[in-house]
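Keep in mind it's a predicted model, so treat the numbers as computed, not measured. The basis for the numbers below is simple: all heavy atoms, side chains too, and nothing from hydrogens, waters or symmetry mates.
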Amino acid sequence: MNKLASEAKEFTLSAYPVIEKATAHNIDIGVAPTYLSLSTVKEYAHKDMLVAAQNCHQFSSGAYTGEISIEMLEELGVNWVIIGHSERRTYFNETDEACNAKIKALIAHNMVPLYCVGETLDQFEAGTTKEIVRHQVITGLLGLTSSDVKDLVIAYEPVWSIGTGKNCPSDIAEEICKYIRDILHELFGDTAEDIRILYGGSVKPENIREYLTLPDVDGALVGGASLKIESYVALLDNII
């Protein structure tokens with residue numbers, strides 16, 4: 001919940017050089033602004049900037065006050081949506097089953113779900129990380145086929161490392177991202193190799209290269225470090 005629409009516009013216009021640089025290096029880069037800034041960002045964004053919504057509802061319309069439908073996002077030209085972000089799970093009681101309904105609806109509309117999974121500090125310290133992540137992946141993707149998930153993106157975000165400044169060691173990040181890849185192989189066979197797996201959790205310009213050189217990490221889901229244009233630029237500069 002950051003940036004007024006006017007601030008989002010200024011950021012979007014300032015981002016043109018970094019989007020062009022990313023495109024030249026075959027790197028996808030984008031932003032996920034608030035609902036009220038989506039139309040502004042889409043209007044002023046560079047044609048190669050990915051623009052994602054932070055959430056959606058699985059139904060087209062109805063008595064769901066405060067919610068936003070997929071069709072509303074489509075009308076704006078938005079075709080990426082974050083599903084199951086740790087803050088949605090923590091503060092708004094979003095479940096794996098609810099994520100599954102949204103992911104199915106998005107895929108039916110040819111949208112790209114960016115599905116977030118990850119464990120809390122208590123779960124990490126209890127040694128149940130893999131159990132939690134496995135349930136999130138299997139339940140969140142229940143009922144989908146290999147062809148359904150070819151454009152899916154999954155982000156591993158250890159909740160204990162988000163906004164805390166407490167970095168997840170790179171060996172743990174790789175272990176869990178590889179574990180997610182293995183689960184995807186169980187579910188979808190070789191299509192698992194086409195599914196991009198991102199790491200998210202206190203990613204900053206100074207550590208992004210370390211994470212992105214890991215074999216099973218295909219990108220980064222960045223939080224606070226993406227809010228200022230200077231660090232947004234630095235994130236890219238440190239990986240090319």
Are the side chains of [Y] and [X] in contact, using a 4.5 Å heavy-atom criterion?
| X | Y | result |
| --- | --- | --- |
| Thr145 | Val149 | no |
| Asp218 | Val153 | no |
| Ile83 | Cys99 | yes |
| Glu119 | Thr128 | no |
| Leu36 | Leu4 | no |
| Val112 | Leu106 | no |
| His109 | Glu74 | yes |
| Leu141 | Tyr115 | yes |

Practice prompt. Answer with yes or no after comparing the ring centroid distance for Phe11 and Tyr232 against a 6.0 Å cut-off, counting only values under it.
Written response: yes

Discussion item. Under 4.5 Å between side-chain heavy atoms, counting indirect links through other Ile/Leu/Val/Met/Phe/Trp/Tyr residues: same cluster for Leu221 and Trp160 or not?
Written reply: no

Discussion item. Would you say Ile197 ends up clustered with Leu152 if hydrophobic residues are merged whenever their side chains have heavy atoms under 4.5 Å apart, either directly or through other cluster members?
Written reply: yes

Worksheet item: When you check the gap from the basic side-chain N to the acidic O, do Lys104 and Asp148 get nearer than 4.0 Å?
Response: no

Item to complete: Just say parallel, tilted or perpendicular for the rings of Phe59 and Tyr64, cut-offs at 30° and 60°.
Response: tilted

